[in-house]
Amino acid sequence: MSGYFYLTTPIYYVNAEAHIGHTYTTVLCDTIVRYRRLCGDTCFFLTGSDEHGEKVLEVARRRGESPAQTAEYFSNSFLRVWEEIGISHDRFIRTTDADHKQVVQQILQRVYDEGEIRFKEYEGLYCVGCERFLTDRDMLDGLCRDHERAPEPRTEANYFFDMGAHFSWLRDYIEQNPDFIRPERYKNEVLAMLDEETGLGGELCISRPKSRLDWGIELPFDTDYVCYVWFDALINYLTGIGYPDGPHFQDYWSNCEHVVGKDILKPHGVFWPTMLRAIGLEPPRHVSVHGYWNVDDRKVSKSLGNMIDPLIMREKYGFEAFRYFLLRDMVFGQDSNFSEDALVRRINADLANNIGNLVSRTLNMTGRFAGGLVPEPGAIEIPEREVIDAAATAVAEVDLRMRGMRPQRALESILALVDATNRYLELREPWKAAKDPELADTVSTTLHTCCESLRIVALLLAAFLPVAAAEILDRLGLGDALETAVLPASAEWGGIPVGSPTRKGKPLFPRIETAGAEDAESKDGAD
RNA sequence: GGCGGUGUAGCUCAGUCGGUUAGAGCGGCGGCUUCAUAAGCCGUAGGUCGGUGGUUCAAGUCCACUCACCGCUACCA
């Protein structure tokens with residue numbers, strides 16, 4: 001059943017360059033979307049940059065340029081990285097895009113007209129150094145932590161969105177749609193937030209006076225103010241697909257899923273659904289929340305310099321290997337740890353030893369024992385049956401797990417098929433059988449089974465490792481398979497044509513020798 | 001303080017409605033094998049399922065308490 005599918009990453013804030021966290025989110029979404037495209041869905045994949053706000057001003061000041069220049073610089077930086085690593089987004093949206101400004105203003109006006117935005121004066125402690133109001137946490141002994149000076153009481157008027165008006169609806173909605181926010185632990189956190197927010201009045205400040213911050217989208221109903229943060233940022237999800245009357249807006253919106261990091265759960269779990277409610281739109285199908293990457297067991301931070309540049313990973317290991325690690329080693333929703341050690345272990349174990357090596361041995365033997373052409377299969381016996389079953393299981397599990405946002409489990413399913421095929425090869429021992437002319441039929445069957453299994457492995461892997469999967473198919477003589485494939489039908493057993501010309505090629509994922517292993521080897525080689 | 005999460009073999013994790021001898025992958029160890037990227041296959045390692053006390057014919061799996069770590073309560077994926 002094909003249909004529409006719309007997936008978003010958060011838009012990344014333009015005060016830093018892409019690191020492992022941004023890369024993970026983006027790669028994950030790319031993988032999910034590629035999978036759904038393979039399933040025949042009409043997909044729209046949106047990513048982009050969040051460019052307004054105070055922090056951009058700060059960075060711009062530091063860099064001695066205008067906020068627009070800073071935003072431009074970092075936005076391009078993200079875009080360039082995504083292009084370098086082959087992200088297949090359909091649009092890279094910027095909150096400074098003209099259509100986005102228009103949509104934000106249109107929505108603000110509408111919510112304002114409906115009386116859900118209030119103008120309110122409040123008093124707080126303002127630090128002149130910070131140019132903002134301080135919270136208790138910003139202060140130590142009544143002084144601003146950063147400037148060590150006493151903040152002054154000051155009043156300011158701002159616009160507030162009355163999101164609390166929708167809390168009881170939202171609570172019900174979440175309870176009636178238990179997989180709206182997933183994994184479950186984050187659903188529980190949102191429910192807890194709703195209770196806390198009720199106590200705070202459920203108001204969301206959505207403006208800043210221009211006198212204090214003018215880098216933003218002007219409020220349509222008060223030109224002394226700009227829109228602040230969430231109305232600006234979240235609405236990108238609507239602008240991206242042509243709100244309100246783009247040709248496929250409804251098709252995409254009703255099949256929308258967001259992927260976010262756990263740090264922005266609240267805006268996506270609380271602010272956003274209430275905003276959508278205020279303008280009469282359904283919530284997205286899912287908000288899928290992932291955890292953080294630590295690096296070498298420490299938090300990612302600028303000061304530690306452990307941000308992990310995806311382009312450097314590409315240079316050192318090949319981007320798909322890094323991409324594979326990210327998808328394979330994070331249990332969705334939980335925090336995970338990255339280390340080059342773990343990366344190398346994973347590359348060697350899964351990519352080199354299992355997948356890559358199965359490709360090598362299969363194609364090598366097809367070359368040697370079958371003249372390089374996929375041979376005609378003979379009788380299907382129990383060992384073949386087991387591989388065929390493993391393939392069917394993998395296809396079904398991958399689908400279930402991808403839709404359930406569990407890419408790491410989907411990869412396990414694919415690896416199970418690879419394992420089954422490696423085991424099968426040991427059982428049939430075509431390298432021995434090939435010496436006995438009477439077993440020619442068995443050899444043909446064996447190699448056919450392995451080639452076919454590889455074809456299915458490649459199809460399933462295509463969303464995760466687009467380049468490598470295409471290469472496997474190409475070596476099987478199926479260079480254009482991905483262009484026409486539709487899952488699950490294309491992954492049914494028996495799709496590989498007999499006589500398809502194969503090519504062994506170089507190791508797909510070269511094994512990475514660690515320093516320790518090299519030492520051991522040079523010692524061995526010395527005598 | 002409140003709320004939530006996590007704690008299962010050396011490492012990373014599975015364990016659905018409580019039920020036969022608690023699982024997988026990786027690593028380690030032993031063996032087989034040579035088609036293959038010194039890859040693969042087979043076998044194995046015996047973990048008080050954080051702790052204590054309960055409920056039950058039966059608990060990793062439910063309840064209470066407790067310890068450790070983490071998160072949220074604060075606009076950085």
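FYI, side chains are in, hydrogens and waters are out, and symmetry mates aren't considered; it's all heavy atoms of this structure. Predicted model, so just to flag it, every value in this text is computed and none were measured. Naming convention: chains lettered A, B, ... in sequence-line order (proteins, then strands); numbering from 1 in each chain.
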Can you tell me, in whole Å, how much space there is between the [atom1] of [N] and that of [M]?
| N | M | atom1 | value |
| --- | --- | --- | --- |
| B/A45 | B/A9 | C1' | 9 Å |
| B/U16 | B/G54 | C1' | 25 Å |
| B/G19 | B/A58 | P | 14 Å |
| B/U66 | B/A77 | P | 36 Å |
| B/U8 | B/C49 | C1' | 4 Å |
| B/G27 | B/C41 | P | 11 Å |

Relative to each other, are the rings of [X] and [Y] parallel, tilted or perpendicular (30° and 60° limits)?
| X | Y | answer |
| --- | --- | --- |
| A/Phe322 | A/Phe319 | perpendicular |
| A/Trp272 | A/His258 | tilted |
| A/Tyr24 | A/Trp293 | perpendicular |

Expressed as a whole number of angstroms, how long is the span from [X]:[atom1] to [N]:[atom2]?
| X | N | atom1 | atom2 | value |
| --- | --- | --- | --- | --- |
| A/Asn294 | B/G71 | CG | C1' | 12 Å |
| A/Arg361 | B/G40 | CZ | C1' | 5 Å |
| A/Arg328 | B/G25 | CZ | C1' | 7 Å |
| A/Leu265 | B/C72 | CG | P | 10 Å |
| A/Lys266 | B/G4 | NZ | P | 17 Å |
| A/Arg185 | B/U6 | CZ | C1' | 8 Å |
| A/Asn422 | B/C35 | CG | C1' | 11 Å |
| A/Asn354 | B/C35 | CG | P | 20 Å |

Does the side chain of [X] get closer than 4.0 angstrom to OP1 or OP2 of [N] through an N or O atom?
| X | N | value |
| --- | --- | --- |
| A/Gln334 | B/C69 | no |
| A/Arg511 | B/A39 | yes |
| A/Asn364 | B/A36 | yes |

Checklist entry - Any donor-acceptor pair under 3.5 Å joining the side chain of A/Asn353 to the base of B/A39? => result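 Between B/A39 and A/Asn353, which were checked side chain against base, a qualifying N/O pair under 3.5 Å is absent.
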Next on the checklist: When you measure only distances, ignoring hydrogens and angles, does the side chain of A/Tyr228 come within 3.5 Å of the base of B/C75 through a donor and an acceptor?
Outcome noted: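 For A/Tyr228, whose side chain was compared with the base of B/C75, there is a donor-acceptor pair (under 3.5 Å).
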Next on the checklist: Between A/Arg428 and A/Glu381 (salt bridge meaning N to carboxylate O under 4.0 Å), is one present in this structure?
Outcome noted: yes
Where the side chain of [X] is defined as all heavy atoms beyond and including C-beta, which of [options] is the nearest nucleotide?
| X | options | value |
| --- | --- | --- |
| A/Arg345 | B/A36, B/A77, B/C26 | B/C26 |
| A/Trp431 | B/C13, B/U33, B/A39 | B/U33 |
| A/Phe509 | B/A36, B/A77, B/U37 | B/U37 |
| A/Asn357 | B/G71, B/C13, B/A39 | B/A39 |
| A/Tyr12 | B/A36, B/A77, B/G40 | B/A77 |
| A/Pro507 | B/U37, B/A77, B/G71 | B/U37 |
| A/Glu189 | B/C35, B/C75, B/G4 | B/G4 |
| A/Lys504 | B/A36, B/G5, B/C76 | B/A36 |

From [atom1] ([X]) to [atom2] ([Y]), nearest 0.5 Å:
| X | Y | atom1 | atom2 | result |
| --- | --- | --- | --- | --- |
| A/Asn158 | A/Glu203 | CG | CD | 11.5 Å |
| A/Asp350 | A/Phe325 | CG | CZ | 10.5 Å |
| A/Arg409 | A/Phe332 | CZ | CZ | 13.0 Å |

Using purine N1 to pyrimidine N3 plus N6-O4 or O6-N4 for Watson-Crick, or N1-O2 and O6-N3 for G-U wobble, both under 3.5 Å, which nucleotide pairs with [N]?
| N | result |
| --- | --- |
| B/A36 | none |
| B/G46 | none |
| B/G18 | none |
| B/G23 | B/C13 |
| B/C41 | B/G31 |
| B/C65 | B/G51 |
| B/C3 | B/G71 |

Contact class for [X] (heavy atom, under 4.0 Å): base, sugar-phosphate, or nothing?
| X | answer |
| --- | --- |
| A/Val229 | base |
| A/Gly21 | base |
| A/Phe369 | nothing |
| A/Lys506 | nothing |

Checklist entry - Does A/Pro10 or A/Asp335 map to a spot on RNA chain B nearer the 5' end, using the closest nucleotide for each? => result A/Asp335
Checklist outcome for this item: Whichever of A/Arg346 and A/Asn188 has the more 5' nearest nucleotide on RNA chain B, that residue is A/Asn188
Next on the checklist: For A/Asp179, is there any backbone N or O sitting under 3.5 Å from a side-chain donor or acceptor partner on A/His286?
Outcome noted: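 Yes; at least one donor-acceptor contact below 3.5 Å.
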Checklist entry - With a cut-off of under 6.0 Å to the ring centre and 45° to the axis, is A/Arg63 in cation-pi contact with A/Tyr73? => result yes
Checklist entry - Do A/Tyr24 and the base of B/A77 stack face to face, with centres under 5.5 Å apart and an angle between planes under 30°? => result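 Given the distance and angle limits, no, they do not stack.
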